[in-house]
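In what follows, a single structure is set out as structure tokens and then discussed.
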Amino acid sequence: MTNDRMLVYVSFYAALIAALGLFPLFNIPFLGGVPITAQTLGVMLAGVMLGPVRGAVAVVLFLFLVAIGAPLLAGGRGGLGIFAGPSAGFLIGWPVGAFIAGGLMRQMKERSVIVSAGVSAAIGGIGVVYLFGIPGLMLLADLSFGQAAFGSLVYIPGDLIKVALTAVIAQSVARGLPSALVSRV
Amino acid sequence: MISTYISGDSWLHRLPAGWKLIGLCIFTMVLFPVESPAIAASGFLAALALFTVVGREGYRRLLALRSVLYLLVFLLIFHVLAGTLTSGIVAVFRLMTMVVLATLVTFTTRMEDMLDALNPVLTPLNFIGISSRRIALAIALVIRFTPFLIALADELGSAFKARTGKRGGVRLTAPFAVLALRTADHVSDALAARGGADGFDNIDEVGEGNTPNDQ
Amino acid sequence: MPYLLSKNSNPTPSCEPREGVCVSNVSIARGGRIVIENLSLSLVEKRIALVGLNGSGKSTLVRALNGLISPIKGKVCIHGVDAVKSPKAAARMVGFVFQNPDHQIIFPTVAEDIAFGLRQAGISKSTTRAQAKALLREYDCEEWADRPISELSEGQKHLVCILSVLIMEPEVLVLDEPFSSLDIAVRTNLLSRLKHLRQQIILINHDLDVFDSFDRMIWLKDGRVEADGLPESITPLYRKHAMEVAGRLTPESL
Amino acid sequence: MPYLLSKNSNPTPSCEPREGVCVSNVSIARGGRIVIENLSLSLVEKRIALVGLNGSGKSTLVRALNGLISPIKGKVCIHGVDAVKSPKAAARMVGFVFQNPDHQIIFPTVAEDIAFGLRQAGISKSTTRAQAKALLREYDCEEWADRPISELSEGQKHLVCILSVLIMEPEVLVLDEPFSSLDIAVRTNLLSRLKHLRQQIILINHDLDVFDSFDRMIWLKDGRVEADGLPESITPLYRKHAMEVAGRLTPESL
Ligand SMILES: Nc1ncnc2c1ncn2[C@@H]1O[C@H](COP(=O)(O)OP(=O)(O)OP(=O)(O)O)[C@@H](O)[C@H]1O
Ligand SMILES: Nc1ncnc2c1ncn2[C@@H]1O[C@H](COP(=O)(O)OP(=O)(O)OP(=O)(O)O)[C@@H](O)[C@H]1O
Ligand SMILES: O=C(O)CCCC[C@@H]1SC[C@@H]2NC(=O)N[C@@H]21
Ligand SMILES: [Mg+2]
Ligand SMILES: [Mg+2]
């Protein structure tokens, strides 16, 4: 894998996260500015497919674009202001989640793709993201830990669907275009 | 940044990209603390008026963004339930204004101009070993891929419809991922064939280990 | 000034016949521009050639035949079925080979993609797979069955696209430059195979030699019918026009 | 049993000459299978035709010429530059038109994509844009400059790909079925334009008529050189072989 190819792949996943924000059906505003969003599917995929470092870089690239004003977050939001909003904790959790998911994927090399992708996505894409998101909510939206944690439950069903999708997609890619599963090559 | 450039020769087209980006930034900052619905609404109207420079085609493409409306409705309902209707209205106008303006900037700015404008912002990264040229290219690629992915989903939908008459729905998710990734491969080949991310400038560096490969 | 050589010079076909394809008063817009304007055709011949320079609207027109594009005006009927109102029925009747194989392929592996249409028609997985493999065998490439399509050459991919349509045995076959990346062996074979099919065929091709035994040729120019008639009469007119255009391009550099 | 008509029957060219393209003892694997095996060629003629059935390895071979694929064995040199060790220098020298236009296009609008190669060489934006527009004007399509490439027809897209390579004036032009979706007008024009270029051209095409005035024809079969010589002598052999293959396919159904 060359540097140039990696550059393209990283950009590709950043774009995927952006594109997932454009489907209105899956991007529902909620909990005072933290939407239920399809974009975390992109975050999970970036980690699972690209591995830890590149996966995290893809998410950071996406967040950089958002920061300089590209309206790429769910609902066409963007700009530096976002990082002062209630979802900031989750956003910071995204690259870390992708990193952990990628790392786990690499650890489980000898397991089947579908299982390891599911486990990695669940731990990195849900566990780690919430680890940052809930304190973020407490800090920025003035909620208690109980409130923040309880409120976050609304995201769980959606997030579980995304984990399942990540697993299925990783499996298909392993079959149809094995070279694209960079975390395994 | 969702749609790309609309050709034209208006003053906004000719305005340097850097100015447009700075203008967008300032507008956002000014708009953020606004609490009066009247001011927020006039901001939005001003943005719409500005939009005339991209003409009919511009409005037509703007309509394609109507998905944002769902979000706005939800946002409004949320605020009504919380008893903060006024700030809800302000928030809705602010959002619409930002979307319209950001869209306008991308409609009137060629991608390469946008990147050149960002160059000074990125140059400091050269000192920590990240080439600003590569970042610029990465951004260009994100902007290229985003609308492309949507078009690709559309195309795959067409292919499915041509063969079944039905809509594909979720079962196209996995095929879509494979198809899209294949395109990423093609783009990196195309890039390599034309000099790679760093161009043909430092061509004399032989054996830099930058060997493309299709594995 | 279109040459009027048409046997079907009826300007607005009524779309009554339950036979063939009927396009009446159709206008199509793409990317904000009108690409096909007020076109009417009644296509009942068995072998129909569609020619025209790049960008003349050939692919756009045939995409309207199976409901992939909806006209802004007018009506398209396939064997009496309205392609806009019932795209599913139209898609079942029209087998469509896309100009670019990458735009047609849905599934990651060869056998899956070829079998897909049959699966859609409700046939069991094992039967469809066997049929797909049998068809591949006829082209001496049974071992492709489980290969990822991304690992085929362009011509091989194009062949897969054609086979996945042929296997469906649709009433009308629409082929948009199907031979463009096929080698002369496969091309010759397919051509003679197409000749023997009972179905109606609408074929777009830049190489005019393949239209030898065709019943009708339609020349599109800027989204309108420029001439319409027997291939023997249209071919020389079209070729002459193309040569004139060729001469007009880049005079300074030659 | 390869026909040995080669003027260059030297089995292992030494890659000494600083002229032309030199392939020595090259093997290439794709998707785990060997696709090109132990191939040696010294390409110094101005006009070289590369023919072969689908999947014979033509695209794979030319991709090795500008370092897009690294051989598992052997060496490829362009004007004395090693394509594996310095892929970038090789890419600068070899202008490559991909078989499928969708695989070549990088940027969303026409002028950007055409100008990109020049930009890569460090030329200013305004100059490259002007050059791109001038080239488009020669093909009577200056107004495409700011159009999204996704809104062009297939043939128009293919033309854009060719122009974006021609504008670079590379030392060696590698064209992988460049005419496949072009209309006869553009095809004729480009062909006569190519004839007048000073550069070396390596052309892959299934339609053998375009090789009329070529200096050399190489016939690839299953990743090996089956015959190599003057087009007059190779064409009939290759055509005969293709017809035999065509006859062997699906005998039962014809
Ligand atoms: N997706 C699109 N969006 C907007 N315009 C398009 C699109 N596809 C094609 N066009 C335009 O519509 C016109 C007709 O295109 P079409 O693809 O039907 O041509 P064609 O006759 O099939 O050409 P070719 O021989 O190159 O395949 C062209 O001017 C083209 O630029
Ligand atoms: N990306 C790939 N991965 C694995 N195998 C491939 C890939 N591309 C091509 N192949 C295989 O390599 C062989 C040579 O393919 P190549 O594309 O070079 O053929 P070609 O001569 O260009 O054929 P065509 O006339 O169809 O374009 C074929 O058997 C093909 O299946
Ligand atoms: O758009 C934003 O401002 C960021 C949204 C963060 C959403 C979080 S991420 C984890 C959880 N799952 C969801 O679907 N939404 C939240
Ligand atoms: Mg077409
Ligand atoms: Mg090829």
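In what follows, chains are A, B, ... by sequence order, proteins preceding strands, each numbered from 1.
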For chain D, the option from [options] that forms the most heavy-atom pairs under 4.5 Å:
{"options": "C:Asp140, C:Asn100, C:Val245, C:Thr188", "result": "C:Asn100"}
{"options": "C:Arg147, C:Lys195, C:Met243, C:Arg30", "result": "C:Arg147"}
{"options": "C:Leu182, C:Asn205, C:Val186", "result": "C:Leu182"}

Among residues 163-174 of chain C, which ones touch chain D with a heavy-atom distance under 4.5 Å?
none
By a 4.5 Å heavy-atom criterion (distance strictly below it), what part of [X] contacts chain C: side chain, backbone, both, or neither?
{"X": "D:His103", "answer": "side chain"}
{"X": "D:Ser153", "answer": "side chain"}
{"X": "D:Lys157", "answer": "side chain"}

Mind checking the [atom1]-[atom2] spacing from [X] to [Y]? Nearest 0.5 Å is all I need.
{"X": "D:Glu151", "Y": "C:Arg33", "atom1": "CD", "atom2": "CZ", "answer": "6.5 Å"}
{"X": "C:His206", "Y": "D:Asp207", "atom1": "NE2", "atom2": "CG", "answer": "13.0 Å"}
{"X": "C:Ile204", "Y": "D:Glu154", "atom1": "CD1", "atom2": "CD", "answer": "11.5 Å"}

Taking only residues two or more places apart in sequence, or in another chain, which ones meet C:Arg63 in a salt bridge (charged side-chain N to carboxylate O under 4.0 Å, His left out)?
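By the salt bridge (charged side-chain N to carboxylate O under 4.0 Å, His left out) rule, C:Arg63 matches no residue at all.
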Heavy atoms, side chains only, cut-off 4.5 Å: are D:Asn54 and C:Leu159 in contact?
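A side-chain contact under 4.5 Å is absent here.
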Residue list, side-chain contact (heavy atoms from CB on, under 4.5 Å) with D:Thr235, at least two apart or on another chain
D:Leu208, D:Met217, D:Pro231, D:Arg239
Could I get the full list of side-chain contact (heavy atoms from CB on, under 4.5 Å) partners for C:Ala242, not counting sequence neighbours?
C:Leu53, D:Ile184, D:Ala185
At a heavy-atom separation under 4.5 Å, does C:Ser181 approach chain D through its side chain, its backbone, both, or neither?
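For C:Ser181, backbone and side chain are both near chain D.
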